[in-house]
Protein chains: 2
Amino acid sequence: MAASAKKASSSKKTAAPSKTTANLAIDRVSEPVEDYLKAIYDLAGKSGTASTNDVAARLNVAAASVTGMIRRLASQGLLEYERYRGVRLSETGRVVALRTIRRHRVIETYLTEVLGYPWDRVHDEAERLEHAASDELVDRMATSLGNPTSDPHGAPIPTADGQMDERRHQTLAELDIGTRARMVRVSDKNPGLLRYLAEIDLTPGTEVQVLARAPFDGPITLQVGDTEPVVGQGLAVQVLVEEVQDET
Amino acid sequence: MAASAKKASSSKKTAAPSKTTANLAIDRVSEPVEDYLKAIYDLAGKSGTASTNDVAARLNVAAASVTGMIRRLASQGLLEYERYRGVRLSETGRVVALRTIRRHRVIETYLTEVLGYPWDRVHDEAERLEHAASDELVDRMATSLGNPTSDPHGAPIPTADGQMDERRHQTLAELDIGTRARMVRVSDKNPGLLRYLAEIDLTPGTEVQVLARAPFDGPITLQVGDTEPVVGQGLAVQVLVEEVQDET
DNA sequence: TCACATTTTTAGCGGAGGCTAAAAATAAAG
DNA sequence: CTTTATTTTTAGCCTCCGCTAAAAATGTGA
């Protein structure tokens, strides 16, 4: 009679907490759920809604699986859903998504800054750790980094209470020839591109100037920082920039 | 026709690798599987085998679930199993278990040393991270810590190639009264005990001397380091020590 | 508006890992 | 050597999260 600790129910723990400000203290959800919410969050973008198909493509699952998961998420109040009408995150869902995104980005930053991970390989590691790391751990990492506001790829890091800088940026492809701009951001999902950008020193914060550019993301001639001009290919629509005021 | 990237098979990737030394490069297994292997590893201890019931108690699952999982693990070659006869890890299973244990302990050490986690709360965090962290990440942490050989609770950290110091130690309860000893290790699973030990400064490396002791883990009087003697309760069988040679 | 294309949903299924209740094997006690 | 207790397994079921194939809804071009 030494071991008899069954009682698997776990339904008595969730009392209704504060509710004062934003409902922080939301039960942690499963890994797939976090992935769905993240995907929906950034597919929805400005319009606010995302389509089944887009979510499926993003997560590399069948559309039917998305429908199934979406029904579950809706029944948990994480999103609003109307058949055939697309999906929109609820406030709760948005908060969960943002916290997941925060974890991801803080972890990426930490791995890069503190543990010397190359910026083209942090994504996969962060993708796994974001589901396992507690908010406390992430906050400790953030603190030890001095609460950075963007990750190594220039993506904004949501604050612990769910605020995020949502500014939209231009791509290099949209930039007027000759304008001076600061490299702001690039997706963390394309290791090849990231290695290439590191090679030509085009990283967030660097000043660039487009000297010439072919349409449809064709060859582009860039002056990166003060170095010799380089000719790049296939990066114009990937790299986000922000014009820089010439102080005359 | 923009999105059509199904092809979910992922079975072409696993060619047979080196096989030279120990079969490192073993496919990563699921979280429950890692937990079972860890549990079996340290329940088996010296005898080499573990019982269904013990595993069930350790993992807080029903015995029937253990039988089910054990069959799966056996069919994957991670352990040897004979109905009603208990279970023994295969070499592969042992390696997987040790790598998981290494991840756990390195992570605990890192959280404590670098991120300031209190030693009574690292266990839970490590328990989750150990399944998500890559061996590369763990090796980077280990390197940045100077490749420690034991974690904050004194547990030995297996090396990256699966060697671990398996020395057995005495408990405080077994120590002759008056003998001077060094505190070596305590379980990481009991936060209350850990807080208490921290309070009386009884941490790995500290010298202790048992001044008096009641049987059956009753009250014990200890001299910890050079401080005033303290009377403790319920820790004698938990705290592992190693006698210290008086250099006369 | 009708016909066809596309998107989304439903129906039905599978595997991993849980569970309980009952049966079977092993171990312990008389 | 039985009888009883304990341990382990089997049987049958459940949930989560995938899948495919087929049906239904929506959208589009003529």
Side-chain angles (χ1 to χ4, degrees), chain A residues 1-11 27-40 43-44 47 49-76 78-88 128 131, chain B residues 1-11 27-40 43-44 47 49-88 96 128 131:
Chain A
M1 234 142 262
S4 58
K6 287 298 121 59
K7 275 305 127 65
S9 85
S10 81
S11 55
D27 278 355
R28 197 73 176 260
V29 296
S30 74
E31 189 165 324
V33 168
E34 289 185 342
D35 286 336
Y36 274 86
L37 294 176
K38 265 204 313 175
I40 293 166
L43 288 171
S47 85
T49 80
S51 80
T52 301
N53 247 10
D54 291 353
V55 175
R58 162 67 71 102
L59 295 179
N60 254 285
V61 298
S65 307
V66 174
T67 302
M69 176 62 98
I70 275 175
R71 287 161 52 79
R72 254 169 284 155
L73 299 185
S75 81
Q76 291 184 240
L78 292 166
L79 46 79
E80 284 142 42
Y81 169 54
E82 211 175 334
R83 310 192 301 350
Y84 293 99
R85 262 308 118 77
V87 78
R88 143 178 275 121
R128 282 175 286 104
H131 305 296
Chain B
M1 235 144 262
S4 58
K6 287 298 121 56
K7 274 307 127 62
S9 83
S10 80
S11 56
D27 278 356
R28 198 69 176 262
V29 297
S30 74
E31 190 165 324
V33 168
E34 289 184 342
D35 285 335
Y36 273 86
L37 295 176
K38 263 203 315 174
I40 293 166
L43 287 172
S47 84
T49 77
S51 80
T52 301
N53 248 8
D54 291 353
V55 175
R58 163 67 71 101
L59 295 179
N60 254 284
V61 298
S65 307
V66 174
T67 302
M69 177 60 99
I70 275 176
R71 287 162 53 77
R72 252 168 284 154
L73 298 184
S75 81
Q76 290 183 242
L78 291 166
L79 46 80
E80 283 141 43
Y81 169 55
E82 211 175 336
R83 302 169 333 334
Y84 293 98
R85 254 322 112 76
V87 78
R88 143 179 274 122
V96 173
R128 283 176 284 104
H131 305 297

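Chain letters run A, B, ... following the sequence lines, proteins first and then strands; every chain starts at 1. The structure presented is a predicted model; accordingly, all values stated were derived computationally and were not measured. Note: hydrogens, waters and symmetry copies are ignored here, and every other heavy atom, side chains too, is used.
The side chain of A:Tyr84 approaches D:dA24 more closely than any other nucleotide in the set D:dC19, D:dA24, D:dC17. Counting only heavy atoms from C-beta on, B:Arg72 has its side chain closest to C:dA16 among C:dA16, C:dT8, D:dC17. Considering only side-chain atoms of A:Ala62, the nucleotide from C:dT8, D:dT20, D:dC17 that sits closest is D:dT20. Among C:dC19, C:dA24, D:dG18, the nucleotide with an atom closest to any side-chain atom of B:Ser65 is C:dC19. Of the candidate nucleotides C:dT20, D:dC17, C:dA16, D:dC17 has the atom lying nearest to any side-chain atom of A:Val33. Of the candidate nucleotides D:dT10, D:dT26, C:dG17, D:dT10 has the atom nearest to the side chain of B:Arg71. For B:Ala64, counting side-chain heavy atoms from C-beta on, the closest listed nucleotide (C:dT20, D:dA25, C:dG18) is C:dT20.
An OP1 or OP2 oxygen of C:dT7 is reached within less than 4.0 angstrom by no side-chain nitrogen or oxygen of A:Ser51. Applying the 4.0 Å criterion to OP1 and OP2 of C:dT6, one finds that A:Asn53 has every side-chain N and O outside that range. For C:dT10, the OP1/OP2 oxygens have no side-chain nitrogen or oxygen of A:Thr67 closer than 4.0 Å. An OP1 or OP2 oxygen of D:dG18 is reached within less than 4.0 angstrom by a side-chain nitrogen or oxygen of A:Tyr36.
Taking atom CD of A:Glu34 as the reference point, atom P of D:dC17 lies 11 Å away to the nearest angstrom. Computed from coordinates, the B:Leu78 CG to C:dG17 P distance equals 11 Å when rounded to whole Å. Look at CZ on B:Arg58: it is 18 Å from P on D:dT7, rounded to the nearest Å. The interatomic distance linking A:Met69 (CE) with C:dT9 (P) rounds to 15 Å, in whole Å. In this structure, A:Glu31 atom CD and D:dC17 atom C1' are separated by 12 Å, rounded to whole Å. Computed from coordinates, the B:Tyr81 OH to D:dT7 C1' distance equals 11 Å when rounded to whole Å. Counting to the nearest Å, the P atom of C:dT8 and the CZ atom of A:Arg85 are 12 Å from each other. Following rounding to the nearest Å, B:Leu37 (CG) and C:dG17 (C1') show an atom-to-atom distance of 15 Å.
For the pair A:Gln76 and B:Gly68, nearest-nucleotide mapping onto DNA chain D gives the more 5' position to B:Gly68.
In B:Arg28, the CZ atom is crowded: over 12 heavy atoms of neighbouring residues, nucleotides or ligands sit closer than 6.0 Å. For CZ of B:Arg83, the number of neighbouring non-hydrogen atoms (other residues, nucleotides, ligands) closer than 6.0 Å is 12 at most.
Of all non-hydrogen atoms in A:Ala63 and A:Thr52, the two that sit nearest each other are O-CG2, 3.6 Å.
Salt bridge absent: A:Glu31 and A:Arg128 never bring a charged side-chain N and a carboxylate O closer than 4.0 Å.
The distance from the CG atom of A:Asp35 to the NE2 atom of A:His131 is 3.5 Å, given to the nearest 0.5 Å.
The residue A:Thr52 sits close only to the backbone: its heavy atoms come under 4.0 Å of sugar-phosphate atoms, none of a base.
Of the residues listed (A:Val29, A:Val55, A:Leu78, A:Val87), the one engaging A:Tyr36 in a side chain to side chain contact (heavy atoms under 4.5 Å, CB included) is A:Val55, and it is the only one.
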